[in-house]
2 protein chains.
Amino acid sequence: MIKHNEIERENIMKIMSIPEIKEYLNNNGIKPSLPRIKIFEYLNNYKSHPTADEIYLALIDELITLSKTTVYNTMDLFLKHNIIIQILIEENEIRYDSLTSNHGHFKCIKCNKIYDFKYDLADISIKELNGFSLNEYHTYIKGICKNCSENK
Amino acid sequence: MIKHNEIERENIMKIMSIPEIKEYLNNNGIKPSLPRIKIFEYLNNYKSHPTADEIYLALIDELITLSKTTVYNTMDLFLKHNIIIQILIEENEIRYDSLTSNHGHFKCIKCNKIYDFKYDLADISIKELNGFSLNEYHTYIKGICKNCSENK
DNA sequence: AATTATTTTGTAATCATTACATTTAATGAA
DNA sequence: TTCATTAAATGTAATGATTACAAAATAATT
Ligand SMILES: [Mn+2]
Ligand SMILES: [Mn+2]
Ligand SMILES: [Zn+2]
Ligand SMILES: [Zn+2]
């Protein structure tokens with residue numbers, strides 16, 4: 001179970017080939033079964049931050065025996081091995097992201113697309129949190145994306 | 001329906017008396033019925049950022065006919081009139097906050113307490129979001145609070 | 001091949017939230 | 001005050017995402 005370094009983490013969002021995904025899962029202690037590979041591929045190589053249901057619907061045509069339970073099980077497994085994170089933006093829906101390094105999300109309320117952005121909350125000193133130990137940062141912003149503003 | 005200014009907003013988190021809550025609801029176009037007053041009082045004067053269920057359980061002894069539906073209806077009404085916000089920290093649970101001005105939340109993973117902190121994301125320029133219009137900022141941090149660290 | 005462990009699946013249960021229809025309370029003419 | 005109208009609160013049932021659980025399929029090991 002090799003620990004990945006920062007440079008490798010930065011690369012996670014790059015599109016990965018099937019052999020690369022296999023190796024990545026192996027390196028993180030996950031046996032790369034077909035559903036796991038395909039689910040990770042979809043998560044990592046497709047632009048969106050999908051829900052479990054979206055993953056299921058995207059893959060069911062190809063993996064015709066896939067069950068939703070498998071998607072949920074796989075998400076739990078990926079979470080346990082820290083190769084994905086959950087993101088909460090709308091109530092009652094969990095989205096998943098294979099980019100695990102700290103970054104923010106922007107959700108456009110017109111086209112519903114979720115954009116990543118870099119930022120570091122550690123830059124800001126928060127006096128109310130002196131003496132606290134901060135482990136996980138989450139930030140999301142809602143608004144209207146550039147594309148939707150222009151195409152009025 | 002009077003528009004409140006910044007100074008008034010800053011005061012929201014201050015503990016409010018029943019007559020003050022009545023006036024506040026009236027000023028925001030909400031008829032101050034007993035359940036509404038009590039729910040807002042609990043939300044505003046009690047430290048926590050409760051779920052609908054926590055509000056219900058906290059008030060049912062006093063308002064013995066209160067229904068959970070009323071709590072949800074009231075939350076929707078308060079949201080529509082912008083006197084509360086929703087906060088999402090854990091999956092599948094919606095919490096509510098009567099402090100509507102932009103601020104962050106810290107959730108301690110030991111004692112589960114949720115702390116407020118001030119900060120302004122607008123201070124940070126995010127180059128990926130040039131040309132986007134940003135409407136709502138949400139930030140939460142998870143970790144261990146000072147109190148829980150000290151009482152090891 | 002037979003045995004054992006792992007992975008995947010289908011079905012049923014859970015639980016927060018929502019929908020809806022009914023009851024209760026408040027308002028406001030007559 | 002009484003009657004009619006509107007608003008508020010309630011109880012019950014439905015929804016829908018997630019989880020629990022046990023069986024079936026697959027892979028690994030002997
Ligand atoms: Mn992301
Ligand atoms: Mn708060
Ligand atoms: Zn958009
Ligand atoms: Zn604590």
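The sequence lines fix the lettering, A, B, ..., with proteins before strands; numbering per chain opens at 1.
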> Whole-Å distance between dA9(D) P and I30(B) CD1?
Replying inline: 11 Å
> On the ring face of F132(B), is K146(A) found with NZ or CZ under 6.0 Å from the centre and within 45° of the axis?
Replying inline: no
> dT7(C) P sits how many Å from F40(A) CZ, rounded?
Replying inline: 17 Å
> In whole Å, what is the span from the CG atom of L66(A) to the P atom of dT7(C)?
Replying inline: 16 Å
> Do the side chains of I30(B) and P32(B) get nearer than 4.5 Å, heavy atoms only?
Replying inline: no
Sub-3.5 Å pairs of nitrogen or oxygen atoms, protein against nucleotides 19-30 of chain D:
| residue | atom | partner | partner atom | Å |
| --- | --- | --- | --- | --- |
| dT19(D) | OP1 | E91(B) | OE1 | 3.4 |

>> Parallel, tilted or perpendicular, judged at 30° and 60°: which one describes the rings of Y24(A) and F40(A)?
In response: tilted
> Between atom CD in E93(B) and atom P in dT18(C), what is the gap in whole Å?
Replying inline: 14 Å
> Can you name the residues that form a salt bridge (charged side-chain N to carboxylate O under 4.0 Å, His left out) with E90(B), not counting sequence neighbours?
Replying inline: K107(B), K142(B)
> Taking the inter-plane angle between the rings of H103(B) and H105(B) on a 0 to 90° scale, is it parallel (under 30°), tilted (30 to 60°) or perpendicular (over 60°)?
Replying inline: perpendicular
>> Please enumerate all residues that pass salt bridge (charged side-chain N to carboxylate O under 4.0 Å, His left out) together with D76(A), with sequence neighbours excluded.
In response: none
>> My understanding is that only residues two or more places apart in sequence, or in another chain, count here; which of them pass salt bridge (charged side-chain N to carboxylate O under 4.0 Å, His left out) with R95(B)?
In response: E54(B), E93(B)
> What's the verdict on side-chain contact (heavy atoms from CB on, under 4.5 Å) for R36(A) and L25(A), showing C-alpha distance, side-chain angles and the deciding distance?
Replying inline: CA-CA 9 Å; R36(A) 288 169 181 175; L25(A) 295 180; 4.3 Å; yes
>> Side-chain N or O of T70(A) versus OP1/OP2 of dT9(C): is the shortest distance under 4.0 Å?
In response: yes
Write out a two-atom table: protein N or O, nucleotide N or O from nucleotides 22-25 of chain C, distance below 3.5 Å.
none

> In whole Å, what is the span from the CD atom of E90(B) to the P atom of dT17(C)?
Replying inline: 13 Å
> Going by heavy atoms closer than 4.0 Å, what residues in residues 52-65 of chain B are next to DNA chain C?
Replying inline: none
>> Less than 4.5 Å apart, side chain to side chain, heavy atoms only: is that true for E41(B) and M16(B)?
In response: no
>> Measure CG/L34(B) against P/dA9(D) and give the value in whole Å, please.
In response: 9 Å
>> Evaluate I37(B) against I18(B) for side-chain contact (heavy atoms from CB on, under 4.5 Å), listing each step before the verdict.
In response: CA-CA 7 Å; I37(B) 292 169; I18(B) 302 294; 4.0 Å; yes
> Should S33(A) be listed as having a side-chain N or O under 4.0 Å from OP1 or OP2 of dT8(C)?
Replying inline: yes
>> Does any part of the side chain of L134(B), heavy atoms only, come nearer than 4.5 Å to the side chain of L129(B), both counted from C-beta?
In response: yes
> What is the distance from CZ of F78(A) to C1' of dT8(C), rounded to the nearest Å?
Replying inline: 14 Å
> Rounded to the Å, how far apart are K38(A) NZ and dT8(C) P?
Replying inline: 14 Å
